[in-house]
Visitor: 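The structure's right below; bear with me while I get my questions together.
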Protein chains: 2
Amino acid sequence: MAGTSFAEKTETRLDNAERLCAAHGSRLTDLRRQVLGLVLEAARPVGAYDLLDGLRADKKGAAPPTVYRALDFLLEEGLIHKIERLSAFVGCTHALDGSHTEAGHPHAAQFLICTGCGQVTELDDHGILHALIDATRHIGFTVRHSTVEAEGLCAACRDVATA
Amino acid sequence: MAGTSFAEKTETRLDNAERLCAAHGSRLTDLRRQVLGLVLEAARPVGAYDLLDGLRADKKGAAPPTVYRALDFLLEEGLIHKIERLSAFVGCTHALDGSHTEAGHPHAAQFLICTGCGQVTELDDHGILHALIDATRHIGFTVRHSTVEAEGLCAACRDVATA
DNA sequence: CAAAATACGTTATAATGTAACATATTTGAA
DNA sequence: TTCAAATATGTTACATTATAACGTATTTTG
Ligand SMILES: [Zn+2]
Ligand SMILES: [Zn+2]
Ligand SMILES: [Zn+2]
Ligand SMILES: [Zn+2]
């Protein structure tokens, strides 16, 4: 019994995730599906220990490695991202909502963190990535992975602030 | 006795830092100077607890808040940066080596982390910053602070790898 | 000097993340 | 099908990073 069922929209995204995993020969097990579901249902980035609390509603006595292992898997599959500044995790909108055929592997992304409402927006902006690659190439640095996180105010929160 | 004296180059940078602080009416105390010195002498990013060990050579029994408070001050003054992916700190080359008149306040920077040798290079690339601002502006997001960190191989380590 | 502000000391604890090993489940080949 | 290997999960214990709260010392300012 994987128990806890999620909102319909979440279940759809979980089904997408399951297909992506199957497509590379990995398995979105009940546990991993449940952790991913908890990430997706949160309106904001969730910390590992919040997820652990969520898990414990279903599986009493679950311990940190359980959730960290699931998170590691989901990160490797490109289904979630870690927001470093927050030590917290968000679903990858690119992989789960988009119909990108190349989804389901880690990709460079940028995150906008609103300090007003806590919401995080994922960008996939080529301009930023290229600017980074240009700047690094001519000093001979080869980028393997990049983290781009901006803190500030989203449009809604800015309007409230200036009202 | 703030004790531990540093290499001459470091002392020069510490003197620069002291002038920058004085210029905005803050004080680079002995303790803060010592912590900054420890950061600058490390060839690589240093963790807070490594700094604590360094401090303890001079001041036995120093506790975490001592070093974290010094780090908070140095961050606010723009004398050091935190590398989020490493939970570690580096001196701001822009503020301490450059002769920038506007140094001494936090600024947007980018960090290149070499996974081969562990060295971190600070960039201050306008192209990256503008690309980020462009991408965010047309969705109405106002950037207040940005974190850009790239992992990869520096020129030296890449040459070794392909040899 | 005395009051206020700033910096530092000290104790305790919170929050995040992993190592190591035991058990269970799934997979794949004999 | 049956068993061995690979994969996934359970469990205990601990490592690492960071902060809260409160008391003392030092510096600044009137
Ligand atoms: Zn993504
Ligand atoms: Zn907002
Ligand atoms: Zn800098
Ligand atoms: Zn290198």
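Only heavy atoms go into these numbers, but all of them, side chains included; no hydrogens, no water, no symmetry mates. Residue numbers start from 1 in every chain, and the chains themselves are labelled A, B, ... in the order their sequence lines are given, proteins ahead of strands.
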Visitor: Give a yes/no on whether any side-chain N or O of K82(A) is located under 4.0 angstrom from OP1 or OP2 of dT16(C).
Guide: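 K82(A) to dT16(C) OP1/OP2: no side-chain N or O under 4.0 Å.
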Visitor: Between CG of L71(B) and CG of L36(B), what distance do you get to the nearest 0.5 Å?
Guide: 9.5 Å
Visitor: Got a list of side-chain donor-acceptor pairs under 3.5 Å for residues 149-156 of chain A, not counting sequence neighbours?
Guide:
{"residue": "E149(A)", "atom": "OE1", "partner": "R85(A)", "partner atom": "N", "Å": "3.0"}
{"residue": "E149(A)", "atom": "OE2", "partner": "E84(A)", "partner atom": "N", "Å": "2.7"}
{"residue": "E151(A)", "atom": "OE2", "partner": "R85(A)", "partner atom": "NE", "Å": "3.1"}
{"residue": "E151(A)", "atom": "OE2", "partner": "R85(A)", "partner atom": "NH2", "Å": "3.3"}

Visitor: Looking at DNA chain D, which of residues 63-70 of chain A put a heavy atom within less than 4.0 Å of it?
Guide: A63(A), P65(A), T66(A), R69(A)
Visitor: For L52(B) and dT16(D), give me the distance from atom CG to atom P, rounded to whole Å.
Guide: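 Atom-to-atom, L52(B) to dT16(D), this comes out as 13 Å.
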Visitor: Going by side chain to side chain contact (heavy atoms under 4.5 Å, CB included), name the residues that satisfy it together with R69(B), two or more places apart in sequence or in a different chain.
Guide: P65(B)
Visitor: Is it true that atom CZ of R56(A) has more than 12 heavy atoms of other residues, nucleotides or ligands lying nearer than 6.0 Å?
Guide: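 Correct, the count exceeds 12.
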Visitor: Side-chain N or O of S87(B) versus OP1/OP2 of dT16(D): is the shortest distance under 4.0 Å?
Guide: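 No, because none of the side-chain N or O atoms of S87(B) sits under 4.0 Å from OP1 or OP2 of dT16(D).
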Visitor: Is there a path of hydrophobic side-chain contacts, each under 4.5 Å between heavy atoms of I/L/V/M/F/W/Y residues, joining I83(A) to Y68(A)?
Guide: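 Looking at the clustering, I83(A) is in a separate group from Y68(A).
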Visitor: Tell me if the side-chain of Y49(B) makes a donor-acceptor pair with the base of dA18(D), cut-off 3.5 Å, by modelled atom types.
Guide: yes
Visitor: Under 3.5 Å, side chain of E11(B) to main-chain N/O of S5(B), donor-acceptor pair present?
Guide: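 The answer is no, because no donor-acceptor pair under 3.5 Å joins these two groups.
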Visitor: With respect to the phosphate group of dG10(D), does any side-chain polar atom (N or O) of K59(A) fall under 4.0 Å of OP1 or OP2?
Guide: yes
Visitor: Identify the two heavy atoms, one from V39(A) and one from I80(A), that lie closest to each other, and give their separation to 0.1 Å.
Guide: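 Closest approach of V39(A) to I80(A): CG1-CG2, 4.3 Å.
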Visitor: State which residue, out of R27(A), R33(A), R32(A), fulfils the side-chain hydrogen bond (donor to acceptor under 3.5 Å, both in side chains) condition with E18(A).
Guide: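 One option only clears the test, and that one is R33(A).
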Visitor: Which atoms of nucleotides 26-28 of chain C (N or O only) lie under 3.5 Å from a protein N or O atom, and what are those distances?
Guide:
{"residue": "dT26(C)", "atom": "O3'", "partner": "R27(A)", "partner atom": "NH1", "Å": "3.4"}

Visitor: Could you state the atom-to-atom distance from CZ of R32(A) to P of dT7(D) in whole Å?
Guide: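 Rounded to the whole Å, the gap is 11 Å.
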Visitor: Tabulate atom names and distances for all N/O pairs under 3.5 angstrom spanning the protein and nucleotides 23-25 of chain C.
Guide:
none

Visitor: Please state how far atom CG in L31(B) lies from atom C1' in dT6(C), giving the value in whole angstrom units.
Guide: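 Taking atom C1' of dT6(C) as the reference, CG of L31(B) is at 13 Å.
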Visitor: What pairs meet the side-chain hydrogen bond (donor to acceptor under 3.5 Å, both in side chains) rule with one or both residues in residues 129-140 of chain A, with sequence neighbours excluded?
Guide: D134(A)-R137(A)
Visitor: Tell me the interatomic distance from D72(B), atom CG, to dA20(D), atom P, rounded to whole angstroms.
Guide: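 Whole-Å distance recorded here is 10 Å.
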Visitor: Rounded to the nearest 0.5 Å, how far apart are CG of L79(B) and CG of L20(B)?
Guide: 6.5 Å
Visitor: Look at the aromatic rings of H81(A) and H107(A) and report parallel, tilted or perpendicular, splitting at 30° and 60°.
Guide: perpendicular
